[in-house]
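Accompanying notes for the structure given below.
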Amino acid sequence: MATERTLSIIKPDATNRNLTGKINAKFEDAGLRIVAQKRIHLTPAQAGKFYEVHAERPFYGELCEFMASAPVVVQVLEGEGAIAKNREVMGATNPADAAAGTIRAEFALSVGENSVHGSDAPETAANEIAFFFSGLELVG
Ligand code: DAT
Ligand code: MG
């Protein structure tokens, strides 16, 4: 499998609880390399743009408000099959369904406040990385 890059976000529920280091350890233990990382505080409009694909879903307003409620850590993870590997390390969207040992099983509070975002396909990964980072900020 090819080396890939994927966009990860450590969400407000996790930064609020000071879990950035514990979550990063999960990525690194799984063989994912953090090749870019920054802490930012999204505006509701920026969160809305990032999650535009979900604009018609009933939870969209709540999701945008949550993502702008506190700082997030946005990062680029690199590794063999990084997109699928990250989704595996994250666990299912709803923590009640997440496999033991995954980030969401261990840390998520609810389906909405579920600690991490990860790109779901090569095209979304490329778009989401470009949303937050310039090429100069990616340091393999
Ligand atoms: P994922 O983050 O696993 O890719 P998704 O793309 O379906 O999941 O949804 C994006 C985010 O929206 C998800 O991380 C949390 C929120 N969300 C999804 N389903 C929800 C629901 N039923 N109620 C509240 N928030 C939800
Ligand atoms: Mg998704």
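This one's a predicted model, so the numbers in the text were calculated from it and none came from an experiment. In each ligand, atom 1 is the first atom listed, and ligand 1 is the first ligand listed.
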*Does a salt bridge link Lys38 with Glu137, judged by any charged N lying under 4.0 Å from a carboxylate O?*
yes
*Would you kindly confirm whether Val73 and Phe27 end up in one hydrophobic cluster when ILVMFWY residues are joined by side chain heavy atoms under 4.5 Å apart?*
yes
*asked:* Using a 3.5 Å cut-off on N or O atoms only, is Arg87 in polar contact with ligand 1?
replied: yes
*Closest non-hydrogen protein atom to atom 13 (C) of ligand 1, residue and atom name please, with distance?*
Asn114 ND2, 3.6 Å
*Are any of the side-chain nitrogens in Glu28 or Arg33 under 4.0 Å away from the carboxylate oxygens of its partner?*
no
*Considering only the protein, which heavy-atom contact is closest to atom 9 (O) of ligand 1, and what is its distance?*
His54 NE2, 3.6 Å
*Any Lys/Arg nitrogen of Arg5 or Glu78 sitting under 4.0 Å from an Asp/Glu carboxylate oxygen of the other?*
yes
*Distance to 0.1 Å, residue and atom name: give those for the protein heavy atom nearest to atom 7 (O) of ligand 1.*
Arg57 NH2, 4.0 Å
*asked:* Can you report which non-hydrogen protein atom sits closest to atom 3 (O) of ligand 1, along with the distance?
replied: Thr93 OG1, 2.5 Å
_Tell me the protein heavy atom at minimum distance from atom 15 (C) of ligand 1, and give that distance in Å._
Val111 O, 3.2 Å
*Report yes or no: does Arg104 have a heavy atom closer than 4.0 Å to ligand 1?*
yes
*Heavy atoms from other residues, nucleotides or ligands near CD of Glu65 exceed 12 (cutoff 6.0 Å)*: no
*asked:* Just to confirm my output: which protein heavy-atom neighbour is closest to atom 22 (N) of ligand 1, and how far is it?
replied: Phe59 CD2, 4.0 Å
*How are the rings of His117 and Phe50 set relative to one another: parallel (under 30°), tilted (30 to 60°) or perpendicular (over 60°)?*
perpendicular
